[in-house]
Structure formats: C-alpha cells, structure tokens
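Note sheet for the following structure.
Keep in mind that the numbers below use all heavy atoms, side chains included, and drop hydrogens, waters and symmetry copies. Sequence lines set the chain letters: A, B, ... in the order given, protein chains first and strands last, and positions in each chain run from 1.
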Protein chains: 2
Amino acid sequence: MGTRAVYVTKPREQIAGLLRAEPRFFSAAEIHRRLDEHEHKVSLSTVYRTLEHLRERGEVTERADDAGEATYKMCAPTHHHHHAICRACGRVEDVDCSTMEQLAESLRSVHGFELDEHKMEFTGRCRACR
Amino acid sequence: MGTRAVYVTKPREQIAGLLRAEPRFFSAAEIHRRLDEHEHKVSLSTVYRTLEHLRERGEVTERADDAGEATYKMCAPTHHHHHAICRACGRVEDVDCSTMEQLAESLRSVHGFELDEHKMEFTGRCRACR
DNA sequence: ATCAGTGCAAACCATTTGCAAATTA
DNA sequence: TAATTTGCAAATGGTTTGCACTGAT
C-alpha cells in the first residue's frame, strides 16, 4: 500500500534515452532543445518534472554549473565516487575516492585526464557544534 | 590610465563590516535583511553590486548553497585552500590541500571538525580533448 | 474507469539593469 | 564639478505550479 504507480511515457523514454546516450551533464533547457530538434516535442515543464522524478529515484545526479544553472546526468547508483569534467567536451569520468595524490595520478594514468582545477567541500559539525 | 576610481561609501563599509565579523557564507538577501534590522538600510541591488565588486577584487568568495542560491564570504586571498562548512552553525574552517586521509584526520584533530560529507569536482581536459 | 503525466500559461524568485538622483573625491 | 554609487522599479531568466486535458494501466 502507499506505493505510487509509475507510468512509462514517451517523454520519459525520450529524456532518459538522451541522458543514457551521453555521459555528461545536461541542463533542462538543453534537453528540451535537443528533443525539439529531433521532432520529439516535450514541454519544458515535463523535462523538469521528469528530471526531478529521476533524481528522486537516484538514477540521475544534479549539479550546478559555473553559471549556477542546474544540470543533470545519468549516474548509476554504484559506489561513492566523484567527477572529472572535461571543460572542452563536457565528458565526465567517474573517479573513486582514494588519496589526493592517487587521484591526481589516477586522473592522468587511468583516465588520461589533464587536471587543471579542482574543488572540494566538506560538511559536518565544527568543534563548537558537535 | 584606465584605472577606475573606487569610492568608499557607507553601504560598502556596512557590507564589508558584516562579512568581516562572521566567517561564514551569507546570501545577498541575508545581508540585506541584517542591515535593515540594524537601521542601515541598503537596497538589495547595492548589496549585489557590492558583493560583485568585492568578488572581482578577490576579497570575497562565492559559492552556491544546497538550494543553488549564491552565498558570499570574506576570504583573504592567501594560499589555495578548501572549506569545511558546519551544517549546524555555518562556520567555515579553511583546510589546506594535502592527501585525503591527512585531510580527514586534520579536520578532526586540527579543526575539531566531525566530517560527514564531502564533495569534490575536478576540471581539466579528457583524453580525447587534450 | 481510474490514476498518473502532460502542456500551457501564469506565478515565483533570485539576480540584473536602466536611469535619474545622491554621494564621494 | 566630475566621476562613481545608489535606489527604485522594471526586466530577466531559470524553475515551479495550477488546472484542465491526455494517456497509461
């Protein structure tokens, strides 16, 4: 009981399909435009609602790009990992957690990724709030 | 030539003063509200313009909070470092770059910070785009 | 037939901008 | 006085929402 039915619809298939096809972050507007071009008109609201839907189910990761705009990417809910984003083509490499040096090295050797910037943020409780 | 004069004004002093007083991220709206409460009315546009001004000069760091809203914090342009943000009080600890293990340990011992989440992002060129 | 999903237009809300008035140098 | 900054109100732009309609089960 209480389990809400989920319908399989064309808009959802189109959006999921598009995301599945390319391992990078897309903005809602970008997805909307792409579907338009391919004769698969879907309203922007539906794009947003579908992305939210996928996010809730853990199938999609959300991230704010440099301009603060929300972007989404298919991201299999495997182990905890981080992202290496190519600033040229947008391709995303999954990077697992180890030490920073290992990461930098692994980015180069394993992913062939030439690192030029990184950003980290930690959240928790400070001394005073523990 | 080309060097633009910078005026010292009350709004700027108020805003910089408020940021200097607390080492945490404030949204523009929050700053605006605080100044209002303290009988130092400043328009929201001026708050935004001043924050942008401070950011350009490197005196302030910008970051999007969980809701995607822009927040700002005084941040002396010293060496490259990262942030540990207390999810209870918002206090920010500066953390310098070393290995992850050192970081986790240093967060605990040096900063007394109980870590429960972290986020990293790498940017560069992927194999195909180098 | 029923319940979930869609489209559209309007609402929202953070942020930006044009311009005339006020302030600083 | 000349240049910069401010306030206000209007514009912007991404995202959300209400609601009647369409589509899936």
*Any side-chain N or O of A/Arg12 less than 4.0 Å from the OP1 or OP2 oxygen of C/dG5?*
yes
*asked:* Side chains of A/Thr50 and A/Thr9, heavy atoms from C-beta outward: is any pair under 4.5 Å?
replied: no
*Any side-chain heavy-atom pair from B/Ser27 and B/Glu30 closer than 4.5 angstrom?*
yes
*A/Phe26 CZ - D/dG14 C1' separation (whole Å)*: 19 Å
*Could you check how far CD of B/Glu69 sits from P of D/dT15, rounded to whole Å?*
14 Å
*asked:* If you compare every side-chain N and O of A/Arg4 against the phosphate oxygens of D/dT25 (OP1, OP2), does one of them come in below 4.0 Å?
replied: no
*asked:* In this structure, how many angstroms lie between the P atom of C/dA14 and the CD atom of B/Glu52, rounded?
replied: 19 Å
*Rounded to the Å, how far apart are A/Glu13 CD and C/dT6 C1'?*
15 Å
*Minimum side-chain heavy-atom gap A/Thr71-A/Phe26 below 4.5 Å*: no
_Six-ring centre of A/Tyr7, A/Arg12 cation under 6.0 angstrom, axis tolerance 45°_ = no
_Nearest-angstrom distance from the residue atom CD1 of A/Ile31 to C1' of D/dT15_ = 14 Å
*Just wondering, do B/Lys41 and B/Leu35 contact through their side chains at under 4.5 Å, heavy atoms?*
no
_Once you apply a heavy-atom cut-off of 4.0 Å, does B/Ala29 come out as touching a base, just sugar-phosphate, or nothing?_
nothing
*Any side-chain heavy atom of A/Glu52 sitting closer than 4.5 Å to one from A/Val60?*
no
*asked:* A side-chain contact here means heavy atoms from C-beta on lying under 4.5 Å apart; do A/Glu22 and A/Arg34 qualify?
replied: yes
*Represent DNA chain C in dot-bracket notation, 5' to 3'. Only Watson-Crick or G-U wobble pairs with both distances under 3.5 Å count; pseudoknot-style crossings use [ ] and interstrand partners use |.*
||||||||||.|||.||||||||||
*asked:* Could you tell me how far apart B/Arg57 (CZ) and D/dT4 (C1') are, to the nearest whole angstrom?
replied: 13 Å
*asked:* A side-chain contact here means heavy atoms from C-beta on lying under 4.5 Å apart; do A/Leu51 and A/Arg49 qualify?
replied: no
*Is the closest side-chain heavy-atom distance between B/Ile31 and B/Val42 below 4.5 Å?*
no
*With A/Arg63 as the cation and A/Phe25 as the aromatic partner, state whether NZ or CZ is under 6.0 Å from the six-membered ring centre and within 45° of the axis.*
yes
*Where along residues 32-47 of chain B does a heavy atom come under 4.0 Å from DNA chain C, residue by residue in number order?*
B/Leu44, B/Ser45
*Which whole-number value in Å describes the distance from A/His53 NE2 to D/dA24 P?*
15 Å
*Of all the heavy-atom pairs spanning A/Met74 and A/Arg20, show the shortest one and how long it is.*
CG-N, 3.8 Å
*How does each nucleotide of nucleotides 19-25 of chain C score, in 5' to 3' order, for protein heavy atoms under 4.0 Å: base (B), sugar-phosphate only (S), or none (-)?*
-----BS
_Rounded to whole Å, how long is the line connecting atom CD of B/Gln14 with atom P of D/dT5?_
17 Å
_As a test of reading the structure: which of C/dT15, D/dT6, D/dT16 is closest to the side chain of B/Tyr48, going by heavy atoms?_
C/dT15
